[in-house]
Amino acid sequence: MGLIILKIVLFMLWIYFLYVFQRGKLAFFKFLLGSIGLFFIFMNFINFFKVPCIQFFTYILGLIGKWTSLFEGYAEYGMFFINHNNTVISLYIDLECSGLIEMMVFVSLITFFPVYKPFEKIKIGLTGIVFICIFNYIRILSIILLIYQFGSPVYAFAHSIFGRFVFYVLIIILYFNVFTKSQLSRQKVGKFNYHSKD
């Protein structure tokens with residue numbers, strides 16, 4: 001009960017300071033506080049949609065495995081079974097592997113990013129979720145292919161290093177295009193000219 005009251009108080013303070021920053025035209029602080037706060041709000045509800053998302057993710061990728069005969073996916077358990085010679089290696093999809101946290105971070109940032117208009121935020125937010133999901137499919141598929149080709153000795157490397165490297169390179173490209181590039185292209189710059197003396 002005490003934890004629920006604390007969360008309500010923190011939520012009210014979050015709303016209050018967002019209002020203060022909005023009134024004070026402190027866009028950076030509103031973006032920072034808003035993004036962090038919304039992410040933690042999402043984290044409070046993650047248990048409600050974590051399992052269905054992992055199962056859906058496993059099901060879709062499992063279709064590729066069924067089509068290629070490289071691996072088998074079991075959506076109800078969130079697992080893949082990869083055949084290497086006469087050995088079967090399992091890969092379990094947990095919260096970290098699902099890409100949900102990265103999706104929540106992206107949506108939190110885009111919601112309070114001041115460059116875009118509300119409709120643009122919705123469109124870019126949904127598009128970003130789709131891209132992050134695709135990036136995660138590429139990540140898990142690259143891990144599976146390495147394990148399928150080289151077996152269990154490359155399991156740790158494929159999962160902890162190679163897969164993450166592929167995923168986060170793609171994420172950085174997405175962030176650059178959505179946040180950095182857009183801000184630079186929309187930045188208001190005053191007119192510049194040389195003053196000539198007659």
Side-chain angles (χ1 to χ4, degrees), residues 3 7 35-113 121-179:
L3 183 60
K7 288 180 179 179
S35 301
I36 294 171
L38 186 58
F39 174 76
F40 280 107
I41 290 170
F42 285 149
M43 287 299 292
N44 274 279
F45 296 98
I46 197 168
N47 288 329
F48 293 103
F49 51 86
K50 176 178 70 174
V51 174
C53 287
I54 289 174
Q55 290 177 340
F56 178 75
F57 178 85
T58 309
Y59 173 76
I60 297 297
L61 197 56
L63 294 177
I64 298 174
K66 189 176 181 180
W67 177 58
T68 59
S69 299
L70 294 176
F71 58 94
E72 296 177 6
Y74 293 87
E76 61 271 28
Y77 304 113
M79 294 187 72
F80 297 107
F81 289 98
I82 310 152
N83 296 309
H84 174 71
N85 297 333
N86 296 322
T87 307
V88 177
I89 303 161
S90 62
L91 179 66
Y92 175 69
I93 303 300
D94 57 9
L95 177 62
E96 182 188 356
C97 296
S98 68
L100 276 174
I101 292 176
E102 287 79 6
M103 292 178 195
M104 291 189 298
V105 169
F106 181 81
V107 171
S108 299
L109 291 171
I110 202 68
T111 300
F112 289 93
F113 193 57
K121 290 180 180 181
I122 295 170
K123 184 174 69 173
I124 294 169
L126 292 173
T127 304
I129 288 173
V130 172
F131 271 105
I132 291 170
C133 192
I134 293 170
F135 296 161
N136 206 37
Y137 279 126
I138 294 170
R139 168 195 182 185
I140 300 300
L141 193 57
S142 66
I143 293 170
I144 289 173
L145 289 174
L146 278 177
I147 294 172
Y148 176 82
Q149 188 68 33
F150 301 105
S152 56
V154 300
Y155 187 97
F157 168 77
H159 184 271
S160 301
I161 300 174
F162 185 78
R164 287 181 180 176
F165 175 78
V166 170
F167 181 69
Y168 286 111
V169 164
L170 294 171
I171 289 287
I172 289 169
I173 294 170
L174 173 67
Y175 272 54
F176 174 77
N177 283 282
V178 171
F179 297 106

Minimal non-hydrogen separation, [X] against [Y], with atom names:
| X | Y | answer |
| --- | --- | --- |
| Lys123 | Thr127 | O-OG1, 2.7 Å |
| Lys121 | Ile110 | CD-O, 3.3 Å |
| Ser98 | Met103 | O-CE, 4.4 Å |
| Ile132 | Leu174 | CG1-CD2, 3.8 Å |
| Ala158 | Ile147 | CB-CG1, 4.5 Å |

Applying side chain to side chain contact (heavy atoms under 4.5 Å, CB included), run through Val154 and Gln149 and close with a yes or a no.
-> CA-CA 9 Å; Val154 300; Gln149 188 68 33; over 6 Å; no

Residues forming a side chain to side chain donor-acceptor pair (under 3.5 Å) with Tyr74, sequence neighbours excluded = Glu72

Under 4.5 Å between any side-chain heavy atoms of [X] and [Y], yes or no?
| X | Y | answer |
| --- | --- | --- |
| Phe42 | Val105 | no |
| Phe57 | Ile140 | yes |
| Phe106 | Val178 | yes |
| Ile138 | Leu170 | yes |
| Tyr148 | Ile89 | no |
| Ile46 | Met104 | yes |
| Tyr137 | Cys133 | yes |

Spatial distance of atom [atom1] ([X]) from atom [atom2] ([Y]) [nearest 0.5 Å]:
| X | Y | atom1 | atom2 | value |
| --- | --- | --- | --- | --- |
| Ile122 | Thr111 | CD1 | OG1 | 9.5 Å |
| Thr68 | Leu63 | OG1 | CG | 10.5 Å |
| Phe179 | Asn177 | CZ | CG | 11.0 Å |
| Ile54 | Leu100 | CD1 | CG | 6.5 Å |
| Phe112 | Ile36 | CZ | CD1 | 11.0 Å |
| Leu95 | Met43 | CG | CE | 6.5 Å |

Would Tyr168 and Glu102 satisfy side chain to side chain donor-acceptor pair (under 3.5 Å), going step by step from the backbone distance to the final call?
-> CA-CA 10 Å; Tyr168 286 111; Glu102 287 79 6; 2.8 Å; yes

So does [X] have more than 12 non-hydrogen atoms from other groups sitting under 6.0 Å from [atom1]?
| X | atom1 | answer |
| --- | --- | --- |
| Phe131 | CZ | no |
| Phe165 | CZ | no |
| Tyr155 | OH | yes |
| Tyr175 | OH | yes |

Which pairs with one or both residues in residues 148-168 pass salt bridge (Lys or Arg N to Asp or Glu O under 4.0 Å), sequence neighbours excluded?
-> Glu96-Arg164

Dump the intermediate steps for ring pair (Phe, Tyr, Trp, His ring centres under 6.0 Å) on Phe80 and Phe71, then the final yes or no.
-> CA-CA 7 Å; Phe80 297 107; Phe71 58 94; 5.6 Å; yes

Just do the side chain to side chain contact (heavy atoms under 4.5 Å, CB included) check on Leu91 and Ile144 with the steps written out, would you?
-> CA-CA 8 Å; Leu91 179 66; Ile144 289 173; 3.9 Å; yes

Sidechain-backbone polar pair: [X] side chain, [Y] backbone, donor-acceptor under 3.5 Å:
| X | Y | answer |
| --- | --- | --- |
| Thr58 | Ala75 | no |
| Asn83 | Leu70 | no |
| Ser142 | Arg139 | yes |

